[in-house]
Structures are given as structure tokens and as C-alpha cells.
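No experiment lies behind these values; they were computed from the predicted model shown. First the proteins, then the strands, lettered A, B, ... as listed; each starts at 1.
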There are 2 protein chains.
Amino acid sequence: MNNPSPIRKPSRIQKRNRKLILDAALEVFSAHGYRGATLDLIAAEAGLSKPNILYYFTGKEEIHITLLNGLMDTWLAPMREIDPAGDPLEEILRYVHRKLEMSREFPRESRLFANEIIQGAPRIGSHLKAGLKPLVDETAALFEGWMAAGKLAQMDARHLIFSIWATTQHYADFDAQVQVLMQDQPVHEGADAFLDTLYRRLLTI
Amino acid sequence: MNNPSPIRKPSRIQKRNRKLILDAALEVFSAHGYRGATLDLIAAEAGLSKPNILYYFTGKEEIHITLLNGLMDTWLAPMREIDPAGDPLEEILRYVHRKLEMSREFPRESRLFANEIIQGAPRIGSHLKAGLKPLVDETAALFEGWMAAGKLAQMDARHLIFSIWATTQHYADFDAQVQVLMQDQPVHEGADAFLDTLYRRLLTI
DNA sequence: GCTTTTCCTGACCGTATGGTCAAGAAAAGA
DNA sequence: TCTTTTCTTGACCATACGGTCAGGAAAAGC
């Protein structure tokens, strides 16, 4: 009676409309934050009526959680792709470039997560523990192995990871500020070259 | 009839209550963002009634703007304190440490600005241009002078500044995430050592 | 003391917003 | 085709929230 048959597999219309809604929600949530987003805005952006939105999702929060869960994997993919068998320096530099690329190509996703975490991760705190932490632990261990083997300069692996996130996501999350300070100059090329220099100098023994 | 005498100098009570309100507003705005903050929350936090809040400020937005304006100077102080006559490397490292210290001591202020800028700086866009940009231009020029004089490694000065902001403010803005990933380990000491290494390696010729 | 100004609040208002519901339209199944 | 299920919506509701106002309490000025 309520949700579109939670048992049977989603129909063609269901798939289309759920996608429409989630796309619209990404746009609205990332631009206004959870509290600033309204169902009316999402409905307008999706081209659907508000009650119809609530036919597919039980409420605003479920849309938000579904979004975050669905994007988490994509967001963490570059870190999963670090190859333990590859060359340490090149693997990390490739990770940095991929993250920067994602800041440029998916700024909405970046801001969605940024908004959520700044507010204390009230709706995905558990997911950070369950999804993110194991991956970071694993990656930190990999980095530490490389350092112990003398293939990278010695440093705290977790803070290294934080610095990569911070420096790359900054260009998406703080774009408004970057734009003011860089005027019309091309941002991405400069960032790419700078971060290459930064991590090459930092990590090379 | 409306605002507490905009002409005469503020009374003792006015100074006390405006401070109470701004302190409470900092707490609430930084934790929930502009849209998530409510006058009722601010009033409760300040220990005043809602109408009394509106006796001292014309509305929610004025409180927010007053806060941002009042904190901007404090927030930018470390950058102003960079000494053009000092040793380039040490001056920048001191700046990095001061910024990190501010992230630890004033995380609310950091998140207040972060919230505002992520949403596109709708309420302080003009202030970024008028207040921040000249200072950054000046500082970037100083850094470029040092590089040209062969006292620092060559790189883009603006991206260097961005990286310092990003890496230091990350510990305040994304604290919820950092806490999950660092468990009970002490964060600040590690960050301090890591960033020292990072910028020393990056900037040394 | 008295008067004036400043400070404070309970009650109220208009609007925005998340969410509901009954009933109709469109697909899908037979 | 007819029947059943899925999809869609206008109208509505309850609450939250920013803000107002008339009038009273407390300071300040004299």
C-alpha cells in the first residue's frame, strides 16, 4: 500500500523516477545542505510532484541516506584502485590526480559529503565506521609497508591521507573562495602541477 | 523605536547581551549551518527570549553577518602576521602552525566559514573580494618574491596558500571524520609533526 | 522622589515545509 | 477486452520558524 512493492523487482518507471529524484536531490542537497534542501525544490528539479516523490521515498531523510550510500562507493573507488604491486610514488600520485579530477568533475558529490561531515556526520556516522574506516586502515597499512621498505619517506600515513583529501577536495568544497581569489585564471592546471610537486617532494626519500 | 539607540554608545547591558547572542549564534550556526540554525536555538543557548534577541538584532541574517564580519579579522590575523623581513621558511612554518592551532582552539569559527563558503558564500561573497582577496594577493606576492630571490622552492604561491588552508582547517571542519579514523589516538601532535615535514620538504630548495 | 529611556516578554501572525490521503489516470496482466 | 496493480496528484494538515506588537519591568537620568 505504501512503498512501490518492496518485494518485486523495480519496474521501468520506478527505475527512471528514482534516478530522477536522486539526481535532483544531489543537486539540491549539495547546494543547500540537508536542512536547506526542501522537498519542493527537489520535486521541481526532478520535474515531479511532491507527493510523487514521497511515493518513491518514505521521506526527506531516506532520500538523503540513499544518496550518500549510493555515492560512497564511487567516492572511495580511487582509493580502492591503489595497486599494492605498483610503484609506491606513482600509485600515490595517481591517486592524488584522480581525487583532484573528481573534485572537478563531481563537485556536487564532494560538497554533499562535506556538508554532512561538517555538521558532525549525523546521518552517516555509522557508515564512516563501517565503510570508510576499514579501507583507510588497509590503505594506511599499505603506505606504512612501503615506508618501512624504504620506498617512501617516513611519515604518518593517516595524516598523509588526510592531506590528500584536504588539498584535493578543497577545490570542490571551497570553489566559491577559490574563484574569488583566482579570478579568471585556470585553476585546475595549476592545482594539478602544484600537487604533483608537493607530493613528489614529500614522498621521495 | 526599533534598534537600541543606533546613535549613542552601547550600554553595559547592551554589550553583555550582544556578546551573549553572538556567542550563542556562533555555537548554533557552526553546528547546524545558516539554514539549520533557528532563532529559538540561539535564544535558548544565549539564555534570552526570542523577542529579546530581536531587540538587539533586526533578524537572523543580521546576526550571521555580524558574526562573520567580527570574526573575519581574527581569522585572517595569522596571515597578516607573516613577517616579510623574517626567514621565509620559518615564517611560513609558523603560519602553518598558527593555522593548525586555530583549528584546534576555534573549530566553531572554522566551521562557520566552511559552511558559508561551501554553500557558495551567499552572505559574504562581497567580503571575500573586499577583505580576503587583497590580503591574499599581497601574501602571494611576498611568497613569489621569496621564491624569485631563491629563498624558497619555486611553485604557485596561491595554490600553496590553498594547501595550507586545506590541510590545517581540515582538522576542524572534518573533525567528525578524523575522530572516526583516528579513534583515540592524539590527533593534533601527529598533525603538527606531519605538516612540519610536509612544508619543510616542499619549500626547501 | 518622579520621569524618561532602555530592556524584556507573552501572545500572536503569516508563511514554509514535511508529510498524508482519497481518488483518479495510466500500465500491466489476464 | 476487463481487471488488477502501479503511478500520480490536488487538496489538505500539523508543526516549525522568522518575525511583530502592545505593554510591563527595570535602569538611568533628574
| Selected nucleotide, minimal atom distance to A/N52 side chain, candidates D/dG19, C/dG19, D/dT9 |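 Shortest atom-to-atom distance from the side chain points to D/dT9.
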| If you check the A/I13 side chain, which of D/dC7, D/dG19, C/dT20 turns out closest? | D/dC7
Atom-to-atom span, [atom1] of [X] to [atom2] of [N] - whole angstrom:
| X | N | atom1 | atom2 | value |
| --- | --- | --- | --- | --- |
| A/L48 | D/dC7 | CG | C1' | 11 Å |
| A/F57 | C/dG19 | CZ | P | 13 Å |
| A/F29 | C/dG18 | CZ | C1' | 12 Å |
| A/R18 | D/dT8 | CZ | P | 13 Å |
| B/E62 | D/dG18 | CD | C1' | 14 Å |
| B/I63 | D/dG18 | CD1 | P | 10 Å |
| A/L54 | D/dT9 | CG | P | 13 Å |
| A/E61 | C/dT17 | CD | P | 18 Å |

| request: Report which part of the nucleic acid A/A43 touches: base, sugar-phosphate, or nothing (heavy-atom distance under 4.0 Å, all strands). | output: nothing
| C/dG18 base / A/K50 side chain donor-acceptor hit below 3.5 Å |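 Donor-acceptor pair under 3.5 Å: yes.
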Any [X] side-chain N or O less than 4.0 Å from OP1/OP2 of [N]:
| X | N | result |
| --- | --- | --- |
| B/N17 | C/dC8 | yes |
| B/R35 | C/dT17 | yes |
| A/Y55 | D/dC7 | yes |
| B/R12 | C/dT6 | no |
| B/Y56 | C/dT6 | no |
| A/Q14 | D/dC7 | yes |

| message | Quiz question: by atom type and distance under 3.5 Å, do the side chains of A/R35 and B/H32 form a donor-acceptor pair? | response | no
| task | Using only heavy-atom distances, determine whether the side chains of B/Y199 and B/S163 contain a donor-acceptor pair under 3.5 Å. | result | yes
| task | Determine, stepwise, if the pair A/R111 / A/E116 fulfils salt bridge (charged side-chain N to carboxylate O under 4.0 Å, His left out). | result | CA-CA 8 Å; A/R111 281 195 278 263; A/E116 173 69 7; over 6 Å; no
| field | Given DNA chain C, 5'-ward residue of the pair A/Y34 and B/I53, judged by closest heavy atom | value |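 Result: B/I53.
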| query | When rounded to the nearest 0.5 angstrom, what is the spacing between OH in A/Y171 and NZ in A/K99? | reply |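 Between A/Y171 OH and A/K99 NZ, I get 14.5 Å after rounding to 0.5 Å.
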| Which value, rounded to the nearest 0.5 Å, describes the distance between B/Y34 atom OH and B/E61 atom CD? |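 CD of B/E61 is found 4.5 Å from OH of B/Y34.
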| remark: Heavy-atom nearest nucleotide on DNA chain D taken for B/P51 and for A/R16; more 5' hit belongs to A/R16
